[in-house]
Amino acid sequence: MRKVAILGGKGNAALVAAAMEHARRMGAMEWEVAGFLNDREPVGSIIDMFPVIGKTTDAKRLLDEGYWFVNAILRIDGNHERIAMFENLGIPDDRLATFVHPMAYVAPSVQLGAGCIIMPNVSMSPGTKLGKGCLMMVGSMMGHDNIVGDFCHIAAQAAVGSYLTIGKGVHIGLNATVKENLSIGDFATLGAGAVLTKNMGENEIWAGNPAKFLRYVR
Ligand SMILES: CC(C)(COP(=O)(O)OP(=O)(O)OC[C@H]1O[C@@H](n2cnc3c(N)ncnc32)[C@H](O)[C@@H]1OP(=O)(O)O)[C@@H](O)C(=O)NCCC(=O)NCCS
């Protein structure tokens with residue numbers, strides 16, 4: 001089994017760790033969670049059931065020690081800086097852990113970038129391509145023939161339509177719906193429960209049903 005260090009802590013990282021451990025207990029023996037890299041919690045502290053094993057800058061050392069990595073540090077305001085921080089760590093794509101939980105459906109023609117995480121009860125339809133480091137959270141649905149940029153976060157139960165072009169670092173909120181044939185710019189965010197019927201520009205935050213422009217990311 002390959003040891004994984006997950007960047008982050010409470011929130012997405014702990015959810016990913018739990019899903020990886022759940023998969024291992026189901027018999028999927030590819031990944032073993034070693035713990036978190038976290039700049040806020042002390043090394044040795046426990047988050048859910050795994051330890052903090054270092055700061056994010058320890059990734060370089062752990063790389064030499066043979067670990068694999070998942071980036072789960074994403075947030076709506078400041079995502080640009082957080083993704084840049086991760087990219088500056090210089091972890092090669094072939095050391096990013098790509099994980100598909102055994103309870104997910106991923107059509108055979110889907111292409112997953114390095115470090116993508118596909119959580120339980122996700123459904124991904126044919127012909128869609130995800131960039132690297134994307135998180136498809138529990139129960140989210142990705143339609144067919146989409147092109148999705150790096151480090152996108154599709155929150156739990158979101159339903160994403162088809163023939164979409166989605167930029168880098170995009171967040172689709174909890175239980176949101178995206179109509180087909182749209183484009184979404186880099187670092188845009190769709191609020192929880194929103195229904196998107198129009199294109200969203202770069203750095204824009206939209207919310208509501210039908211979704212309307214709310215503000216720009218900070
Ligand atoms: C859209 C969002 C980013 C806006 O955050 P924000 O800028 O802090 O917004 P505020 O809470 O200050 O709300 C501003 C206004 O927008 C409204 N609003 C906020 N989120 C909304 C949503 N999802 N749907 C409809 N209206 C929303 C608020 O009611 C408020 O309206 P008012 O001015 O009439 O009172 C945030 O509310 C959201 O939905 N985040 C996604 C949550 C999510 O998906 N989490 C996933 C788990 S990781």
Side-chain angles (χ1 to χ4, degrees), residues 6-22 33 36-41 47-50 56 70-83 85-86 99 101 103-104 115-124 130-143 146 148-161 164 166-179 182-218:
I6 304 177
L7 282 82
K10 291 179 185 133
N12 280 337
L15 302 184
V16 170
M20 284 182 149
E21 174 61 13
H22 184 251
V33 177
F36 302 106
L37 298 183
N38 187 302
D39 294 336
R40 292 187 186 161
E41 303 294 330
I47 298 173
D48 189 18
M49 54 184 290
F50 295 101
T56 52
V70 168
N71 179 32
I73 302 178
L74 298 167
R75 60 187 289 168
I76 290 163
D77 291 301
N79 212 15
H80 190 279
E81 290 77 8
R82 283 167 177 79
I83 292 171
M85 178 280 290
F86 179 76
F99 168 70
H101 191 279
M103 286 163 58
C116 283
I117 300 294
I118 312 300
M119 295 284 272
N121 296 334
V122 164
S123 166
M124 297 191 70
L130 297 193
K132 74 173 167 185
C134 292
L135 305 183
M136 293 278 307
M137 301 308 283
V138 169
S140 59
M141 196 214 80
M142 177 62 70
N146 294 332
V148 181
D150 295 343
F151 302 111
C152 288
H153 178 231
I154 314 298
Q157 302 291 347
V160 179
L164 300 163
I166 298 178
K168 178 177 183 177
V170 167
H171 171 86
I172 307 291
L174 279 171
N175 203 34
T177 298
V178 180
K179 188 178 158 282
L182 298 176
S183 70
I184 299 179
D186 292 349
F187 304 105
T189 285
L190 183 61
V195 177
L196 187 69
T197 61
K198 295 181 177 166
N199 295 337
M200 255 200 304
E202 204 171 316
N203 295 314
E204 292 179 357
I205 298 181
W206 290 46
N209 178 8
K212 306 262 191 254
F213 175 78
L214 193 64
R215 65 174 173 87
Y216 287 100
V217 294
R218 298 182 183 111

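Because only heavy atoms are used, hydrogens play no part in the values below, and waters and symmetry mates are left out as well, while side chains stay in. Ligands are counted one by one from 1 in listed order, and the atoms in each one are counted from 1 as well. These numbers come from a predicted model, not from an experiment.
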Does a side-chain N-to-carboxylate-O contact under 4.0 Å join D77 and R215? yes

Could you check whether any side-chain N or O of D186 sits under 3.5 Å from a backbone N or O of V170, counting only pairs where one atom can act as donor and the other as acceptor? no

Could you check if a side-chain atom of [X] sits within less than 4.5 angstrom of a side-chain atom of [Y], using non-hydrogen atoms only?
X	Y	answer
L196	K179	no
I117	V70	yes
V148	M142	yes

Taking all non-hydrogen atoms of both residues, which atom of I118 and which atom of A104 are closest, and how far apart? CG2-CB, 3.8 Å

Filter the ligand 1-protein atom pairs down to N or O on both sides and distance under 3.5 Å, then list them.
unit_1	atom_1	unit_2	atom_2	d
ligand 1	7 (O)	R215	NE	2.7
ligand 1	7 (O)	R215	NH2	3.0
ligand 1	23 (N)	A192	N	3.3
ligand 1	23 (N)	A192	O	2.9
ligand 1	39 (O)	A192	N	2.9
ligand 1	44 (O)	H171	NE2	3.2
ligand 1	44 (O)	L174	N	2.8

